[in-house]
Amino acid sequence: MISTVTMRWNGKELELIDQRKLPQVEEYLKCTTSDCVASAIRDMAVRGAPAIGATAAFGYVIGAMENVKNLTEERMNSVKEKLAQTRPTAVNLFWALDRMNSKFLSLKSRKPDFIIDELNKEAEKIAREDIDVNKKMGEYGQKLLQENSTVITHCNAGALATVDYGTALGMIHAAIDHGKHVSAYVDETRPYLQGARLTAWELMKLGVKTTLICDNMAGWVMKTRKVDAVIVGADRIAANGDVANKIGTYSLALLAKRHNVKFYVVAPLSTIDVKIKSGLEIPIEERSHDEVTAVRGVKIAPESVEVYNPAFDVTDADLVDAIITEKGVLTYPYDKKIADITRGG
Ligand code: MRU
């Protein structure tokens, strides 16, 4: 059993808070098929790297239940493929599916009911571990925030982007728990508005002084207001420390460098992809042009205009002051530190 704001799992059905409708409507989408789980990830009912990973793990269990009468390696490969083909950038998706698949392969000669039971335990373990590592990262990260810090956030790396607690917002959560006052400028995060819709909602619930800004205001805010740090999550971190995160992150990192503002990335080890040497190799998702030509369904651009809509960008490792993981805080240069920290799981 898992029950958080982001997701509820009872061993059979997965309920996801429908993040497309937040903050106006708080409604749960119920999935009882692996097709439903795949669509929920692809269509962004659930989003955020760690949340996508845990959701896919539950989707894998549902896929096994669908195939209980013929639980073969071939069938489970196609369940895995279906879930893997939903979004390409967040490595947590593939990490969670590989972990579920290894579990399955280690048990495949056993009875289907037993296998499903064990897969269920593994998926719940992934979900619980996520909450646990987020709290650990929060603890490490909050030490970098002084009393009365002001931060800029981008996209949503809060409880909603994880099973619970959040990565970058977990750092703010932990600082508050330590009695610190933290204020946040929240980038709206065009085109999908995760900042305006989700981060502002979460931070206000946490009691953080929250000021919403359009993405193109961040430079001016850094120049004219007191800002101590930019804190973001990550979708994939290469072996050299290059960070793929929501489009606009790279611009923020450049602005932070110019204005002497710290730039922190908070991400679990499951987001580090040591197979990828540098950020140039990270696949960047491109999304529908409608996200750019319309805002919440209202057309804002000429019908036939050409559009480019990359959902993520890559921030060079040397622009990142620290990567906060559940095993501690890494500082640039990252190559050796990432190799050491990821060795031996
Ligand atoms: O397209 P999204 O909303 O899935 O993008 C999410 C992000 O970019 C987050 O910053 C990232 O996944 C880290 S979430 C803890």
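For ligands, and for the atoms within them, numbers begin at 1 and follow the listed sequence.
Residue contacts with ligand 1: Ala311 is excluded, as none of its non-hydrogen atoms falls under 4.0 Å. Residue contact annotation: Pro50 has a non-hydrogen atom under 4.0 Å from ligand 1. Within the 4.0 Å heavy-atom shell around ligand 1 one finds Asn156.
Of the N or O atoms in Gly48, one or more lie within a sub-3.5 Å distance of an N or O in ligand 1. The shortest N or O to N or O distance between Ala49 and ligand 1 is under 3.5 Å.
Of all atoms in ligand 1, numbered sequentially from 1 with element shown, those under 4.0 Å from a heavy atom of Ala161 are 14 (S), 15 (C). The ligand atoms of ligand 1 that sit less than 4.0 angstrom from a heavy atom of Gln194 are 1 (O), 2 (P), 3 (O). The distance from ligand 1 to the heavy atoms of Met44 drops below 4.0 Å at these ligand atoms: 1 (O). Ligand 1 places these atoms under 4.0 Å from at least one heavy atom of Arg87: 1 (O), 2 (P), 4 (O). Heavy-atom proximity to Phe312, at under 4.0 Å, picks out these atoms of ligand 1: 1 (O), 5 (O), 8 (O).
Seen from the ring of Tyr60, Lys80 does not count as a face-on cation partner, given the 6.0 Å and 45° thresholds. Judged by a 6.0 Å distance limit and a 45° cone about the ring axis, Arg8 is positioned over the six-membered ring of Tyr28.
Side-chain N/O atoms of Glu286 and Asn309 include no donor and acceptor closer than 3.5 Å. Side chains of Asn156 and Thr199: a donor-acceptor N/O pair is present below 3.5 angstrom, by distance only.
Met100 and Ile116 fall within a single hydrophobic cluster, where Ile, Leu, Val, Met, Phe, Trp and Tyr side chains are chained together by heavy-atom contacts under 4.5 Å. Taken together through direct or relayed side-chain contacts under 4.5 Å among Ile, Leu, Val, Met, Phe, Trp and Tyr, Val243 and Ile341 form part of one hydrophobic cluster. With hydrophobic clusters built from ILVMFWY side chains whose heavy atoms lie under 4.5 angstrom apart, Val79 shares a cluster with Trp9.
Glu188 has its side chain within reach of Leu212: a pair of non-hydrogen atoms, C-beta onward, lies under 4.5 Å apart. Two residues are said to be in side-chain contact when any heavy atoms from C-beta on lie closer than 4.5 Å; His178 and Glu139 meet this criterion.
The protein heavy-atom contact nearest to atom 9 (C) of ligand 1 is Asn245 OD1, 3.4 Å. The nearest protein atom to atom 8 (O) of ligand 1, hydrogens excluded, is given as Asp235 OD1, 2.9 Å; this is a heavy-atom distance. Annotation: atom 15 (C) of ligand 1 to nearest protein heavy atom, Thr167 OG1, 3.1 Å.
Nearest to atom 1 (O) of ligand 1 by heavy-atom distance, out of Arg47, His154, Lys246, is Lys246.
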